[in-house]
Amino acid sequence: MPGVPRPSSRCALPERTPPAILRAMAAQKNKTAHWADSYAARVVAERGAADPTAGGARAHFTCASGITPSGTIHIGNFREIITVDLVARALRDRGEPVRFIYSWDDYDVFRKVPKNVPDAEAFEQYLRLPITKVPDPWGAEESYARVHEKRIENVLPEVGITPEYLYQAERYRRGEYAGGIRAALAGRETIREVLNQHRTEPLPADWWPVSVFSRFNERDNTTVLDWDGDWMLTYRCDDTGNTETVDIRSAGCVKLPWRVDWPMRWAYERVDFEPAGKEHHSAGGSYDTAREIASRVYGYEAPVSFKYDFISIKGMGGKISSSSGEVIAIDDVLEVYQPAIVRYLFAGTRPNSEFAISFDLDVIKIYEDYDRCERIYYGIDEVGEKKRLKESRIYELSQVDEAFARAEAERAEAGARETGAVGSVASGERAPGAAGADGDPPAGAPDSGVPADAAGGPDPTAAPRTPPVQVPFRHLCNLLLITAGDIEAALDRFEAANEAHRMSAGNREDARVRARCAWNWIQKHAPEDFRFSLRSAGDEPVELGEAEHKALQALIGELETRFDSQDEKSLQSAVYAIARSHDLEPADFFAVLYRVLIGKEKGPRLAGFLMTLGRATVLEILRPYRERTNEQG
RNA sequence: GGGCCGUUAGCUCAGCUGGUAGAGCAGCAGACUCUUAAUCUGCGGGUCGAAGGUUCGAACCCUUCACGGCUCACCA
């Protein structure tokens, strides 16, 4: 844990230099920035620049997030984590050193048994214990808290998030916060005053700004009786009636209530940025009181913060409640959305607006949107300058590999500088994307189609920007249905279909992840209409009328002789022509073909579907009909 | 009671530093009689919730109001 400052080494904030702030503000306003970049600019402006050589407090910016692992950490909770990650990245992209801490508030009390706990009634015996002392109801981990912590810790690297975890139970027990606790006790009246401003009932006269876990039964049903003005605290265990005096430096059983705990830890970790949910951000909410307590009791200026809104799940209605146990976690989202797209969902939405995550047909659209964003980033799709900058930045922030994104950003910036210099000389106007020397979102894509070295010799920083081969989600779904979920076979078919579909190893790995998501989606969420499975020559042949049979034979003949020279349109026309020449309604003939191929009345757009299946597969499925024809003939 | 956020084309929403309103979907027309929100092309004047105000100019800034939602005032 590098450079964690002791509370005692607390020093005043560096003096603000208004001109610098103004400059940063101006830079921030200068351009249409991504919200993450705007907040990064604000952090720098309001907190004073980090200086790695200074050591201690100002060596880096500290971005913090955290939660109580008292139930499944759901996708709504995840918003805070990724929000901090995005701002942390934006800071790093400006060249600022960042420490990203994630606090597991696992010294909190177990207050309610969630519904997803097996044998919930029996579990009530653990109420009022700290959640780290509650056993894992599923028997795998060392504690109830650990179950939830581990689930998140295991999955975050998948989406490119790797914070430094702080375990509060451990820290409290170790006595790390003894100084902070004593300061709270000493500031008792100040804290009381602050909290009372927003309470209906004033805090009782015997109230103390601490809570104690009894050392007799480990529960927090205790009453503080006295404090000696220094380290010794006397309390009574209300369950057992025992009374004892403990040293808060070593007892480890004294903790601060949330509204005091939060500002204490801001000061302790010297937090510069920490957003919070809207329950903390109304007037009189915990951010308000924490800000005041931080300043008056801990001599620390509250971090830059903002409010993020809730996430909902389309079709689930209402807000996510972890106590109900029925909850969508990140793992669930990752089953259907590949990691970069999970990031994209959050990076592309302003944090203060609510949005719903969908598992229905919208999934296809989200994938298509992401692919378009990628094409804009690589200059394949041309759009207006404003949109290009915006989409490109979103794309960068969506990448799981932070190093990749940063390298791309640097290359783009270098490219933008060059083209900018040329442009401004030539036109006398501000070249788009060139002005941003300091910290605006770097231009994403240099001019498309222009070789990297066109502007004068090879540039070592301008690595060739080869866009990945995109595997459209919808098409991928059809391929997977054709291969009955065989991912490698589906991707092989995709690659074989077209020279331009050849993928690099990394590209193929990404496609594999996408294919797993697509298959999960098909199985768990896609509408019934969407699914099909291919019939095979071994299946009982479909009963057909005379004309239908003949038409089918004709089509087989057509496919045998001319399949490979067909394109989608002429194949489609051929199907129509055959239907008409056999006195069949085209629609009926289509239905016949779907019945024969996939045992359904409808299916994917036929011509393209046949092409996707390929000559060999189609003829193999149709073989029984051909043979019967021969017998008859 | 305090605070915050919405209210923009039929629907979902963009519009972040004020300069004569945009996108997707739906719809309509055409393209191949069209099938898994099928594909391509063309078509978008809506009192930007209401009323005042600032401004040469406001969806965007200020004030007031209406409606909808959220949140705090218990714990975390």
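Just so it is clear, the structure is predicted and the values come from calculations on it, not from any experiment. Note on naming: letters A, B, ... go to the chains in the order of the sequence lines (proteins, then strands), and numbering restarts at 1 for each one.
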Distance, P atom - from B:G68 to B:U63, rounded to whole angstrom: 23 Å
Under a 3.5 Å cutoff, is there a donor and acceptor pairing between the side chains of A:R291 and A:Y287? yes
Side-chain donor-acceptor pairs under 3.5 Å in residues 363-370 of chain A, sequence neighbours left out?
| unit_1 | atom_1 | unit_2 | atom_2 | d |
| --- | --- | --- | --- | --- |
| A:K365 | NZ | A:D369 | OD2 | 3.4 |
| A:Y367 | OH | A:V336 | O | 2.7 |
| A:Y367 | OH | A:Q338 | N | 3.0 |
| A:Y370 | OH | A:Q399 | NE2 | 3.1 |

Just to be sure I understand the rule, does A:F532 reach a base, reach only the sugar-phosphate, or reach nothing, if contact means heavy atoms closer than 4.0 Å? base
If I take atom CG in residue A:D369 and atom C1' in nucleotide B:C13, what distance separates them, rounded to the nearest angstrom? 12 Å
Between B:G3, B:C70, B:A76, spot the one nearest the side chain of A:K278, thanks. B:C70
Out of B:G15, B:A76, B:U71, which nucleotide sits closest to the side chain of A:S282? B:U71
Does A:D381 come within less than 4.0 Å of A:R372, counting only side-chain N to carboxylate O? yes
C1'-based separation of B:G44 from B:A26 [nearest Å]: 12 Å
Pairwise C1' distance for B:A9 and B:A23, with rounding to whole Å: 11 Å
What stems involve RNA chain B, if each pair must be Watson-Crick or G-U and both of its distances must be under 3.5 Å, with 3 or more such pairs in a row? B:1-7 with B:66-72, B:10-13 with B:22-25, B:27-31 with B:39-43, B:49-53 with B:61-65
Please report the distance separating the C1' of B:G24 from the corresponding atom of B:C56, rounded so that it comes out in whole Å. 36 Å
P atoms of B:C11 and B:G46, separation to the nearest Å: 13 Å
Without decimals, in angstroms, what is the distance between A:F310 CZ and B:G6 C1'? 16 Å
Cut-off 3.5 Å, side chains only: do A:D108 and A:T68 have a donor facing an acceptor? yes
Looking only at side chains, do A:Y268 and A:E176 share a donor and an acceptor under 3.5 Å apart? yes
To the nearest Å, give me how far apart OH (A:Y308) and C1' (B:C4) are. 15 Å
Can you check the A:N352 CG to B:C5 C1' distance for me, whole Å? 8 Å
Between A:V84 and A:S65, what is the shortest heavy-atom contact and its length? CG2-CB, 3.7 Å
Quick one: A:K390 NZ to B:U17 P, roughly how many Å, whole number? 13 Å
Can you check whether A:R259 has a side-chain N or O nearer than 4.0 Å to OP1 or OP2 of B:A73? yes
Whole-Å distance between B:U12 C1' and A:E354 CD? 14 Å
Using a heavy-atom cut-off of 4.0 Å across all strands, would you classify A:H280 as base, sugar-phosphate, or nothing? base
Checking side-chain contact (heavy atoms from CB on, under 4.5 Å) between A:R265 and each of A:D105, A:V271, A:L166, which is the one that passes? A:D105
Under 4.0 Å between any heavy atoms, over every strand shown, what does A:G603 touch: base, sugar-phosphate, or nothing? Just pick one. base
Taking the P atom of each, how far is B:U17 from B:C61, in whole Å? 8 Å
Select from A:L256 and A:D362 the residue whose nearest nucleotide in RNA chain B is closer to the 5' end of that strand. A:D362
When the P atoms of B:C65 and B:C28 are considered, how many whole Å apart are they? 45 Å
OP1 or OP2 of B:C40 less than 4.0 angstrom from a side-chain nitrogen or oxygen of A:R605, does that happen here? no
Does A:Y576 or A:D108 map to a spot on RNA chain B nearer the 5' end, using the closest nucleotide for each? A:Y576
Rounded to whole Å, please give me the gap between CG in A:L361 and P in B:U12. 18 Å
What is the distance from CD of A:E279 to P of B:C75, rounded to the nearest Å? 15 Å
Judged by modelled atom types alone, do A:W262 and A:S286 share a side-chain donor-acceptor pair under 3.5 Å? no
When rounded to the nearest Å, what value does the distance between P atoms of B:C75 and B:G19 take? 47 Å
I'd like to know if A:R219 pairs up with A:D239 as an ion pair, taking the criterion as any Lys NZ or Arg NE/NH1/NH2 lying under 4.0 Å from an Asp or Glu carboxylate oxygen. no
So, is A:T200 close to the B:C74 phosphate, meaning a side-chain N or O under 4.0 Å from OP1 or OP2? yes
